[in-house]
Amino acid sequence: MVCNASGCATSYVDRAQASRKMFYAGNLESSRKEIDQQLKKGRKKEADLLKLESAMLDITNGNMAQARKSLLEVRDHFDYFEQKSLGENALSLWTDDTVIAYPGEDYEKVMIRAMLAVAELLNGGGDAEAFAWQVVEKQEQIKRDAGKKPLRDKDGNELPNPKLAYKQVAFGAYFHGLIREETLANYDDATRYYEMVSEWEPQFMQAKRDLQRVQNGRHHEQGNGVVYVITFVGRGPYKEQVYATDLQFAMLIADRIFSAINKYSVPPTLAPVPIPEIRRYYDDIHAVGVYVDGKPAAATETVTDVGQMAVDQFQVNRDTIIAKAIVRRITKKGTIYAAKQIGDVNPWISLLMDVGGVAWEAWEAADTRCWGLLPDRIQMARIELPAGEHTLELQAVSSTGKPITAAKYPVQVNVTNGRNTYILGNFPRNELVGKISTSDLR
């Protein structure tokens, strides 16, 4: 009953579920209406996430200008939220993290900049390189900021900040490299960025082919242009409420010992301790096969594993999340105990206050807010083609390279001599969602 009263059944995940299902089913118009309805309800602490979901709808539908606007707005909000609100953080100790403005997970802050780079490339804008560099710079800034705030154990000894263990994401460096290479005059820059990609994402074999090519000072053969196929593959990571059962048991023992040796008791830890956990889907789709003029030409490769990045970062920060849950429970128990001391209550009132304390603790919910429409992986393929008109087809393939469905999704591309052309398709499952977008603005 307490859980239902606290809103556990109507968490952000529950409210976002309908729009996500519609999106994955390819019903973008209904998904948009659902998101718009949620925005109209005025939940300010969820507005930024809903705008991110809306931006993914825009990117998937080819509306890059609107996506850019939404992403920039949320990027700036998340940067502002890094200046922590002491009032909100204090309130969260008496309630839970859902009462504070959502500041964004570190991987989401990086992915906002990645999506800005994609939207800008497809829209023909001149800021794509700047956004690509922001992907790299934001990761470095997160580590720098973590290094400025050393953690300490109970004896005051400095502990390494877990964020310093974050793995670098190759996406921004790769975009930077391919843009510099297209100038035909910055091969040294391109080489440096491709080397970064090879180091950070060694399974991305395309970077090794790129390195070999730029070291020979060749972007393309005479009369050819290059098509970069960008695909969003798989459904992205999501958060789920789980319970730290070991922590609950340990706290129950501790508070029973405390209650036995002090004048007043503290509420027993009967309510489970909720924490968020990042999960990922495991869909059949492995990559996207690319056909050119009816013939197989390439398959996309993963340049950034978004799902793995999210899971890894959660594991790095899990102890911090649990520590905050412990502090929250201690704060609530301490508040009840202090109230008993001030009121000099009798045993019956003390018992009633303990019952209220248990209900107060049961009121907690894990913060499951997250950017749910992100892809699981960002993949790319590079195809050099003769200048002129070509028909490309995209098809979902398994890990063995075999088509998962018979559906092939065509797009007409006008390849320009010596230039890059970009196309984008979103395959959250086995079928294309939305439209295939191209930077060829004929």
Side-chain angles (χ1 to χ4, degrees), residues 4 7-78 98 101-102 104-105 108 111-112 114-116 118-120 122-123 230-241 279-281 283 285 306-307 365 367-376 378 394 396 407 409 411 424-438:
N4 287 333
C8 298
T10 55
S11 65
Y12 174 78
V13 170
D14 295 315
R15 290 189 289 274
Q17 195 68 20
S19 63
R20 292 177 186 176
K21 285 183 177 179
M22 294 169 188
F23 177 84
Y24 294 136
N27 195 341
L28 302 190
E29 184 177 347
S30 296
S31 181
R32 170 84 64 191
K33 288 180 180 178
E34 181 67 25
I35 290 173
D36 288 343
Q37 287 177 2
Q38 293 295 333
L39 279 168
K40 288 177 182 178
K41 291 180 180 178
R43 295 187 179 94
K44 293 182 179 180
K45 293 177 173 59
E46 297 176 2
D48 283 333
L49 278 172
L50 291 169
K51 289 174 185 176
L52 289 178
E53 306 285 43
S54 184
M56 288 305 299
L57 283 168
D58 287 324
I59 290 175
T60 302
N61 241 351
N63 189 356
M64 303 301 169
Q66 181 58 44
R68 184 185 192 274
K69 180 180 178 182
S70 299
L71 290 166
L72 283 172
E73 182 179 347
V74 179
R75 181 201 66 179
D76 293 343
H77 284 179
F78 281 1
T98 62
Y102 184 68
E105 299 288 351
E108 292 170 333
M111 290 311 302
I112 286 176
M115 291 302 164
L116 277 166
V118 171
E120 191 74 359
L122 270 294
N123 204 39
I230 308 167
T231 55
F232 298 157
V233 176
R235 292 174 290 175
Y238 64 99
K239 287 181 184 175
E240 186 173 82
Q241 177 169 290
R279 307 285 178 99
R280 50 188 312 199
Y281 296 97
D283 297 304
I285 184 171
V306 181
D367 188 359
T368 54
R369 292 174 292 180
C370 69
W371 188 1
L373 294 185
L374 279 172
D376 185 63
I378 299 176
L394 307 185
Y409 302 94
V411 60
L424 171 68
N426 194 348
F427 287 78
R429 304 184 83 169
N430 298 339
E431 295 81 25
L432 175 75
V433 168
K435 59 181 286 188
I436 298 177
S437 299
T438 172

Item to complete: Could you tell me whether the side chain of Glu108 and the main chain of Trp371 form a donor-acceptor pair under 3.5 Å?
Response: yes
Discussion item. For Arg20, is there an ion pair with Glu53 - N to carboxylate O distance below 4.0 angstrom?
Written reply: yes
Worksheet item: Rounded to the nearest 0.5 Å, what separation is found between the CG atom of Leu424 and the CD1 atom of Ile436?
Response: 9.0 Å
Worksheet item: Passes side-chain contact (heavy atoms from CB on, under 4.5 Å), Val13 versus Gln17? Steps please.
Response: CA-CA 6 Å; Val13 170; Gln17 195 68 20; 4.0 Å; yes
Practice prompt. Drop me the distance from Leu394's CG to Phe427's CZ, to the nearest 0.5 angstrom.
Written response: 5.0 Å
Practice prompt. Would you verify whether the NZ or CZ of Arg369 falls within 45 degrees of the ring axis of Tyr102 while also being under 6.0 Å from that six-membered ring's centre?
Written response: no
Worksheet entry | Pair Lys33 + Glu29: basic N to acidic O under 4.0 Å | yes
Worksheet entry | Heavy-atom check, side chain of Arg68 versus side chain of Leu116, under 4.5 Å | yes
Worksheet item: About how many Å separate OH of Tyr281 and CZ of Arg429, when rounded to the nearest 0.5 Å?
Response: 8.5 Å
Discussion item. Do Met115 and Leu374 have side chains that approach each other closer than 4.5 Å (heavy atoms only, starting at C-beta)?
Written reply: yes
Discussion item. For Phe23, give me all partners under ring pair (Phe, Tyr, Trp, His ring centres under 6.0 Å), at least two apart in sequence or on another chain.
Written reply: none
Worksheet entry | Nearest-0.5 Å distance that lies between atom CD in Glu105 and atom CZ in Phe78 | 9.0 Å
Worksheet item: Checking Thr60 side chain against Met56 main chain: does a donor-acceptor pair fall under 3.5 Å?
Response: yes
Worksheet item: Roughly how far, to the nearest 0.5 Å, is the OG atom of Ser437 from the CG atom of Asn123?
Response: 9.5 Å
Response to the item:
dist Leu57:CG -> Leu373:CG (nearest 0.5 Å) comes out at 6.0 Å
Discussion item. Less than 4.0 angstrom from a charged side-chain N to a carboxylate O is my criterion; do Arg32 and Asp58 meet it?
Written reply: yes
